[in-house]
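In what follows, a structure is listed as structure tokens, so that the remarks can point back to it.
Computed from a predicted structure; not experimentally measured.
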Amino acid sequence: MSLIKYRGYDFENEKWIYSETIKWSDAVDCLFMLKENCEWQKVSNVGVFSKCWSGNNEEIYEGDILKEPYNTKNKYEYGIVRQENYALELYVEWHYLKQFEGKWEEITSKATIMNSKKYVVVGNECENLEEIKKEFLERKEMLENEHLS
């Protein structure tokens with residue numbers, strides 16, 4: 001058993017599995033997680049638990065998408081929890097809009113997960129990233145159109 005908690009997606013049953021035990025199978029070239037009933041389940045999109053909880057009391061895992069709901073300074077941002085080169089610490093890759101020479105650009109930056117209670121988990125990159133990106137691009141277009149008016 002590991003001291004690290006993992007989350008993996010079970011495509012057969014279309015649900016997330018949480019476990020402290022995972023294994024790699026060379027025979028079938030994939031990861032398996034040990035379920036509560038002591039059976040191994042093939043999973044994908046495995047993420048590590050950050051040991052942090054969000055403001056909506058959800059555990060924050062690698063691959064989760066975070067937003068800061070009360071940030072009035074820059075309400076056009078989201079962050080994806082990432083792990084770099086299998087390091088133990090996770091970070092947030094923030095995506096936000098900034099205006100340069102009259103044009104709105106997407107900027108990214110890295111930050112540690114601090115004050116995690118001020119963020120909410122709005123999804124994960126496995127299930128919701130396209131939806132979040134679409135909303136982000138719509139907001140960018142809206143800002144550009146406001147500038148032209």
Could you tell me which non-hydrogen atom of [X] sits nearest to which non-hydrogen atom of [Y], and how far apart they are?
{"X": "M114", "Y": "Y119", "value": "O-CE1, 3.5 Å"}
{"X": "E125", "Y": "L129", "value": "O-CB, 3.5 Å"}
{"X": "E59", "Y": "D64", "value": "O-OD2, 3.5 Å"}
{"X": "M33", "Y": "Y18", "value": "CE-C, 4.2 Å"}

Original post:
Given the rule in the side chain to side chain contact (heavy atoms under 4.5 Å, CB included) test, do E14 and Y9 qualify, once you have shown the distances and angles that lead to the verdict?
Top reply: CA-CA 7 Å; E14 298 180 346; Y9 196 74; 3.6 Å; yes
Subject >> Cation-aromatic face contact K110/W94, 6.0 Å, 45 degrees >> reply: no
Is there a path of hydrophobic side-chain contacts, each under 4.5 Å between heavy atoms of I/L/V/M/F/W/Y residues, joining [Y] to [X]?
{"X": "Y91", "Y": "L66", "value": "no"}
{"X": "L34", "Y": "W16", "value": "no"}
{"X": "L137", "Y": "I80", "value": "no"}
{"X": "I4", "Y": "L31", "value": "yes"}
{"X": "M142", "Y": "F136", "value": "yes"}

[X] (side chain) donor-acceptor with [Y] (main chain) under 3.5 angstrom:
{"X": "S25", "Y": "D29", "answer": "no"}
{"X": "D10", "Y": "E12", "answer": "yes"}
{"X": "S54", "Y": "K117", "answer": "no"}
{"X": "S50", "Y": "I60", "answer": "yes"}
{"X": "E62", "Y": "V48", "answer": "yes"}
{"X": "N115", "Y": "K118", "answer": "no"}
{"X": "S19", "Y": "T21", "answer": "yes"}
{"X": "N56", "Y": "V121", "answer": "yes"}

**OP:** Walk me through it: do V81 and I113 pass the test side chain to side chain contact (heavy atoms under 4.5 Å, CB included)?
**Re:** CA-CA 8 Å; V81 179; I113 303 174; 4.0 Å; yes
Subject >> pair L97-I107: side-chain heavy atoms closer than 4.5 Å >> reply: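 No - every pair of side-chain heavy atoms lies 4.5 Å or more apart.
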Subject >> Verdict with reasoning, E77 to E68, per side chain to side chain contact (heavy atoms under 4.5 Å, CB included) >> reply: CA-CA 8 Å; E77 68 181 19; E68 192 175 352; 3.8 Å; yes
If you count the non-hydrogen atoms of other residues, nucleotides and ligands that lie under 6.0 Å from [atom1] in [X], is the total more than 12?
{"X": "E141", "atom1": "CD", "result": "no"}
{"X": "K140", "atom1": "NZ", "result": "yes"}
{"X": "E89", "atom1": "CD", "result": "no"}

Quick one: pull up [atom1] in [X] and [atom2] in [Y] and give me the separation to the nearest 0.5 Å.
{"X": "S44", "Y": "F11", "atom1": "OG", "atom2": "CZ", "answer": "4.0 Å"}
{"X": "W40", "Y": "I17", "atom1": "CH2", "atom2": "CD1", "answer": "11.0 Å"}
{"X": "I22", "Y": "K5", "atom1": "CD1", "atom2": "NZ", "answer": "14.0 Å"}
{"X": "W24", "Y": "C30", "atom1": "CH2", "atom2": "SG", "answer": "6.5 Å"}
{"X": "W104", "Y": "Q99", "atom1": "CH2", "atom2": "CD", "answer": "4.5 Å"}
{"X": "K133", "Y": "N128", "atom1": "NZ", "atom2": "CG", "answer": "13.0 Å"}

Subject >> Distance-only polar pair, side chains of E106 and H95, donor-acceptor under 3.5 Å >> reply: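 Side-chain D/A pair, E106 to H95: present.
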Original post:
Run the salt bridge (charged side-chain N to carboxylate O under 4.0 Å, His left out) check on E130 and K134 step by step: do they pass?
Top reply: CA-CA 6 Å; E130 292 305 315; K134 181 180 179 219; over 6 Å; no
**OP:** In sequence, state the C-alpha distance, the side-chain angles, and the governing distance for E39 and Q41, and then conclude on side chain to side chain contact (heavy atoms under 4.5 Å, CB included).
**Re:** CA-CA 6 Å; E39 291 181 6; Q41 178 61 51; over 6 Å; no
**OP:** Answer yes if the ring centres of Y6 and Y61 are under 6.0 angstrom apart, and no otherwise.
**Re:** no
